[in-house]
Enquirer: 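I'd like to ask some things about the structure below.
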Amino acid sequence: MDNINVLFWNLKDEFTVTMANRTLANFFGREQQFYNMKNMDCNHLTSGEIELIFADNQAVFREKKKVSLEKWISDSTGKLKLLSITKTPKLNKNGEVASVFCTAIDITEKASLKKALDITIDNLSASEKFFNLNFQEASNGILLSDKNGRMILFNEALCEILQYPMEELIKINLFDITHQEDLPKSKYLRNMLVNNRIKKFKMEQRLLTGNGNYIWVNMSSRLANGGHAELIISYIEDIGERKSAEETIKEQQAEIESKRVELEFNKLKNKFFANLSHEFRTPLNLIFATLHLMESNLDRNKEHVPYEKMKSYINIIRQNSYRLLRLVHNLIDLTKMDINDYHLNLKKCDIVSLVKQIIEPVKSYMEENNREFIYNNQLEKREIICDPVNIERIILNLLSNAIKFTRVGDQIILSLREEKEEIIISVRDTGIGIKKDKLDLIFEEFRQVDESFSRGSEGTGLGLPITKYLVELHGGTITVKSKYGEGSEFIVRLPIKRDDSVFTEESPAGKIEDLTNKVDMEFSDIYCG
Ligand code: ADP
């Protein structure tokens, strides 16, 4: 019961002090043992001591009633202090006074404090419990506070933790030194406590010290026993070291994670550049090889070059030039998209005729590659606001993937329908499918899910990220469903924008120039040499 901001002593009889705390000894500048002397000689005591410790005792012992009074008492330096004194008799079974429990609190500086103290002292069962805590050994802070955060009693350990002298700390409200981020939770839990909704709670929170720094503490709180005053006892443990160790570990983990991400990204980047070189080299090799063949054919048959042969050479060169062109386009666009410098050219157009136009030249690719292509349109004319060139790119990309990742005889189904103010374009196939754990990756740049397979058909893993970006620029979404070994479905949802006043320019029948060239370009991966 030492080191609290309350002067405390216990009387066995009118003249015998059985226990006194250090605050009392300090107040009168005594050694702590001083008051434990059996038969105290009044000659050795100051008038202040007599006035505080022994005056009024007779009445308490005789009338067996608690007394509360205020007195000006001079301390060891001769300064007068206004003390709020309470002496409470404790009766034994026979109704005799066994001891008297006395407290005094310095209220010189803060009269308003008196009320709080009165509440505390009145509520003796609470304060007595509080005094009975082993204060001396407590290395943790112990605090008795009311529901409004008023700090009523506390021990010296709390002063040390919070780096305030006792006389300063008593003036402070707990809520004023609680960190803003912790305050709502702390208030909520304290309310739950005083409303008896919970019995106790533990909370890690930050408190502002006298030095102006926040420290982490673990506060275990419960209601002080009984009483109307709704007092809360809290044990406050300084967990700064543990927290900073945790912080360090967290920082280290974050550093490791960022290094791991960086490494992973570098690996991905290297793989991408390796792929990219391959992507550039293969068509270039094919173009050079074909040129070489053309040249030797020309040399051999100077006058009469076989038409069919030449035509097939030209086709190879064209297709591989398209592959290079597509690659360059994709790289340039992705760079623009990365810096948000890619813009749509929005127009009002009929999505039904646009899709019809897009798939017309695709059909021959499907046939040549022995895929069964089904177009399932459930819409009549339906005008939406979109960028036809980029809608074409979205659909061609999904269809070219569908060819790449299916086998001879597989089905590719393109469906067009409307659902809740959205146009749904779905490209479903009965191809190789995508493993579950890879589904989230395919929309990320540079990801090719199945390297072994995609080696057979070419690709850099840029198609889907670009497609996703374009769909999102239209305010839409793209999702994928897939079962490995059974097939995949890519679903594009485009909002049907009603407010089309801004877009006066119409695109009748969605005229797209050079459509065949674009299809050739988007499908150039498929005929790889
Ligand atoms: P690319 O086709 O150039 O490799 P994409 O970004 O278009 O790049 O596709 C990324 C990956 O997603 C592909 O490598 C493939 O593994 C997977 N993928 C895309 N479409 C399909 C599909 N229809 N069926 C199975 N896998 C697919």
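Both counts, for ligands and for their atoms, begin at 1 and track the order of listing.
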Enquirer: Would F490 count as a contact residue for ligand 1, given that I'm defining contact as a non-hydrogen atom of the residue lying under 4.0 Å from a ligand atom?
Expert: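 F490: in contact with ligand 1 (<4.0 Å).
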
Enquirer: Polar contacts were defined as any N/O atom of the residue lying under 3.5 Å from an N/O atom of the ligand; does this apply to I432 and ligand 1?
Expert: no

Enquirer: Checking contacts here: is it the side chain or the backbone of T467 that comes within 4.0 Å of ligand 1, counting heavy atoms only? Could be both or neither.
Expert: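 It is neither; nothing of T467 touches ligand 1.
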
Enquirer: With respect to S221, which candidate in S145, S234, S186 satisfies the side chain to side chain donor-acceptor pair (under 3.5 Å) definition?
Expert: S234

Enquirer: Going through the distances and angles, do K468 and E472 end up as a salt bridge (charged side-chain N to carboxylate O under 4.0 Å, His left out)?
Expert: CA-CA 6 Å; K468 181 170 188 262; E472 286 173 358; 3.3 Å; yes

Enquirer: Any heavy-atom pair between the side chains of V355 and L414 that's under 4.5 Å?
Expert: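 A side-chain contact under 4.5 Å exists here.
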
Enquirer: Please work out, at 4.0 Å between heavy atoms, whether the side chain, the backbone, both, or neither of I434 comes within that distance of ligand 1.
Expert: side chain

Enquirer: Under the side-chain contact (heavy atoms from CB on, under 4.5 Å) test, which residues partner N285, sequence neighbours left out?
Expert: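 Listed in chain order: R281.
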
Enquirer: Number the atoms of ligand 1 from 1 as they appear, then name those within less than 4.0 Å of a heavy atom of G433, with their elements.
Expert: 25 (C)

Enquirer: Ignoring hydrogens and geometry, is there a side-chain-to-backbone donor-acceptor pair from R197 to L189 under 3.5 Å?
Expert: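 It does not hold such a pair.
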
Enquirer: Could you list which atoms of ligand 1 come closer than 4.0 Å to a heavy atom of P465?
Expert: 6 (O)

Enquirer: Minimum distance, heavy atoms only, to atom 2 (O) of ligand 1: which one of E279, K438, K435, K404 is it?
Expert: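 The option holding the nearest heavy atom is K404.
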
Enquirer: Show, in sequence, the C-alpha distance, side-chain angles and deciding distance for E360 and K356, and conclude whether the salt bridge (charged side-chain N to carboxylate O under 4.0 Å, His left out) test is met.
Expert: CA-CA 6 Å; E360 209 47 55; K356 197 166 161 241; 5.7 Å; no

Enquirer: Is the closest heavy atom of G431 to ligand 1 under 4.0 Å?
Expert: no

